[in-house]
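Keep in mind it's a predicted model, so treat the numbers as computed, not measured. Only this structure's heavy atoms are used, side chains among them; waters, hydrogens and symmetry mates stay out.
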Amino acid sequence: MGSLIEEISGKALSRRRFVAGSAALAASLAASSSLVACQPSGQDAGSATGSAESADDEGVWISAACWHNCGGRCVNRVLMKNGVVVRQGSDTSHEDSFEWLQQRGCPRGRAQQQQCFGADRLKYPMKRKSWQPGGGENAHGELRGKDDWERISWDEAIGYIADEAKRIYDTYGPRAVVGNGGPGIEQVLANMGGYLQVTDTSSCGTYSFNMTKLGLPSADLGETNDRFDLKNAETIVLVGGNSVWSSGGSTMNNFDQAIEAGVQFVYVGPSYNATAAYFDARWIPIYPGTDTAFLLGVAYEMIEQGVIDQEFLDAYCVGFDAEHMPADAQLDENFKGYVMGEYDGTPKTAAWASAICGASEEDIAWFAGTIGKDHKVMLLHNYALARCTSADNVPQLFMTVGAMGGHMGKSGHATGGAYKTFAGSHGPALAAFGDAGLPAVENPVTESITAPLLWQSILDKSFNSTGFAYSDTFNAQDIKEADIKYLSLEGAARVQNTPSTVTAIEALRSLEFVTCSSHFFNAQAQFSDIVLPITTEWERVGGFPGHQRSRETVIVYTQVTEPLYEAKTDQEIGTLLAEKVGIDPSTIWPLSEKQQFFNQILGCTYVDEAGSEQALVTVSQDDIDAWQCDGKPQEGVVALDEFLKNGCYTVKRAEGDAYVRIGYEDYIKDPEANPRPSDSGKFEIYCQYKADTLNSMGYSPDGTFKPYPNYVAAPEGREGTFADGAIGGEASAYPFIVYNPHYLRRAHPVLDNEPWLREAWPNPVFVNASDAAAKGIADGDTVRVYNAHGATLRTASVTEIIMPGCVGLPHGAWLDYDEDEGIDHAGTDNVLCGTVTSGMGTSGYNNYNCNYERYEGAALVADCALPQRIVELG
């Protein structure tokens, strides 16, 4: 059999032959894999359920990338026969046990071949037909998203980008350009004068504030306990998130010993999701965005029940009570006084909290007693609770409640983040990859636009530059004027993921130039002028996922196929552009992509039990000669060929080994020698910096935030479900809170187009059964979900596992917007998000208001039955 990959790569291949070839490839895959979601019922799948490398296998197993930002990036391996991927597998580098966990992939990674070889891949550079260079009316921006496309050459495409970029820089300056720090084009733009960046709290929400000022690590990650200590807790609390879906693969196996030991699990959130079910957790339902009210009620109950660890608070914290205030305090108030109602006349009782958050008074009181000082408790949060407007007090309050129980620095106790690598596996990395060796490219423009206000800022020609999320550069309100002309969409799904998609369409049509690098004709490509086809990671020389799966594992991948069609890597594109604008590309990329990968391999390390960092990979002079790269021979613990074939190296653990880490242990044992990074050196329950900074940024009225954690009503959210904003009153026009759970079908918007995953996960909207019954809506009905910002259609999944008053619309569906009807047909979550923010400028995805109704138009066609988005080129 000839190589289908070679045929697909042929430049003369027609669309019909490509689709036919892809169908043949899919058929061969279906015949050899039990992982195909659309497998006919009754088909025998037994042959594919055993070892990924059985004796019957022919061909070659190689490591392949699983590179998307789902929280996993697991080990992915493919079986190649005659140049075709016929099966996918995962980690087989060693036996699987709790001491030596295999880093197995989830269904997203196991369908990855459709990402590389899909019939809907972008094949050639494209230009929007009506767009012409020169700006002004030549851009015909009103046709973005509607226009036809034409195929152009790479030389033409790069020429257009170079000429337009030079014109815009020469005419308007760098503040007329918006980028996102992409790896190719935007590296060149930085050298041409720079560009405005977009600052976004999207991943960690309000935890992207400067957490060190509270005494926490950045984003509150890395200071809980090693997975071997989880079994020593009596109770493990998980607040927000759904790691079984969002961080698939083997993350949950970190908790296996705790489950076997009978540890009690508690889940706090709006639905009894897959993670709660995995742990058989006690569910405390609360409305999205009301975690501050819930935790304040818990704090009150802990005080009333006498279960706070006063000695811990006195020794390691400032600001809990009047006797332990920081030296820089400017307000004669403290957290305990606020909770007890001394300043506003409102004690934060369980009844007060229940009215806001929806949890029962009994659940709040039970929870407070359960996490008290006399119990061994791990309080773990994801970031769903922080991806809400007015959630800026959540990080400080979560820390405070943990401190009130003394749950830091001891075996069986923890308080902190459980996210991606840190979902039950905490401590410094035991295996890591090296540096590629590229020089840093600095963007000379230091101003940034807050993401939820991006599109409105483009339309208003002004923005508030208040610093960058995940940094310490926040500043007071600083309004800047900017007439933006050029938006570069490289490495960021801005049209898809940034709030207020409807406003985005209007803003995009106001620009003179929009460019996009993409694998597929997604929303970013649809609203661009020049679209460039980029390679997937399977078509590149190899590399390391930027966010590794586990502290114990370093994951590596190699090349599966030569680039398909005319796709190029980001560095190749950047090199072409640099040459075209007169910049020496070697000043940006002095090393080949192969040399960069080889440098990363040479720099791989592991930590031995003595705590010393050692070389991981054995590289001989013959290896260096074969790679034709620069380097020196070295001795490690795994041979280069074995490392690349396995796709990973995992440090083997043992009970009681030297790798066990207890978060904050050094600080708790000797606070003087190991102070926290806050101004006081302690956990700051009263933090003057927090209040001063948040109140000055201009996204909330001055004085909204206290130096201690206080309750702040959201711009929409719980109060917005009532007509007058008073809880318990008449229902508003949008009486539900919509939140955006991550979904197994995709990683953000990536993979949403893959046929197998579309067949397996239909992407409904989740609604409560009693709410649906009141509206006469049954499971499977097409419903219109709408609010003041937009409307979308989805099929209803009527369920008891989501609390009344909530709507769960999965995150990341590809936009399919009918402008005449004013309705998105894909369930795109950001259609329901508006240009609304608060506090630090948070992208508050999870607490917008909405309503829904039975749709009177034609029922939705199942996503898996829709045609792929294949562009017809003129």
Side chains of [X] and [Y] only: does a donor on one sit below 3.5 Å from an acceptor on the other?
{"X": "Thr206", "Y": "Tyr383", "result": "no"}
{"X": "Thr792", "Y": "Tyr786", "result": "no"}
{"X": "Asn753", "Y": "Asp120", "result": "yes"}
{"X": "His811", "Y": "Asn830", "result": "no"}

Can you list everything that forms a side-chain hydrogen bond (donor to acceptor under 3.5 Å, both in side chains) with [X]? Sequence neighbours excluded, please.
{"X": "Asn763", "result": "Arg746"}
{"X": "Thr275", "result": "Asn242"}
{"X": "Ser202", "result": "none"}
{"X": "Lys146", "result": "none"}

Taking side-chain contact (heavy atoms from CB on, under 4.5 Å) as the definition, give me every residue that meets it alongside Ala451, ordered by chain and number, with sequence neighbours left out. Val198, Asp200, Arg494, Thr498, Ser843

Run the side-chain contact (heavy atoms from CB on, under 4.5 Å) test against Ser700 and tell me which residues pass, sequence neighbours left out. Thr704, Phe705, Ser838

Salt bridge (charged side-chain N to carboxylate O under 4.0 Å, His left out) partners of residues 824-838, not counting sequence neighbours, each pair once: none

Tell me the salt bridge (charged side-chain N to carboxylate O under 4.0 Å, His left out) pairs involving residues 271-293, sequence neighbours left out? Arg282-Asp363

Sort and list the pairs that fulfil side-chain hydrogen bond (donor to acceptor under 3.5 Å, both in side chains) and have at least one residue in [range], not counting sequence neighbours.
{"range": "residues 853-863", "answer": "Arg745-Asp863, Asp781-Arg854, Arg784-Glu853, Arg794-Asp863, Glu821-Tyr855"}
{"range": "residues 349-359", "answer": "none"}
{"range": "residues 715-724", "answer": "Tyr711-Glu719, Glu716-His789"}

Could you point out which residue of Thr842, Thr837, Thr450 forms a side chain to side chain donor-acceptor pair (under 3.5 Å) with Tyr699? Thr450

Could you walk me through whether Arg144 and Glu819 pass salt bridge (charged side-chain N to carboxylate O under 4.0 Å, His left out), step by step? CA-CA 12 Å; Arg144 285 197 185 100; Glu819 294 186 54; over 6 Å; no

Which residues satisfy the salt bridge (Lys or Arg N to Asp or Glu O under 4.0 Å) test with Lys690, sequence neighbours excluded? none

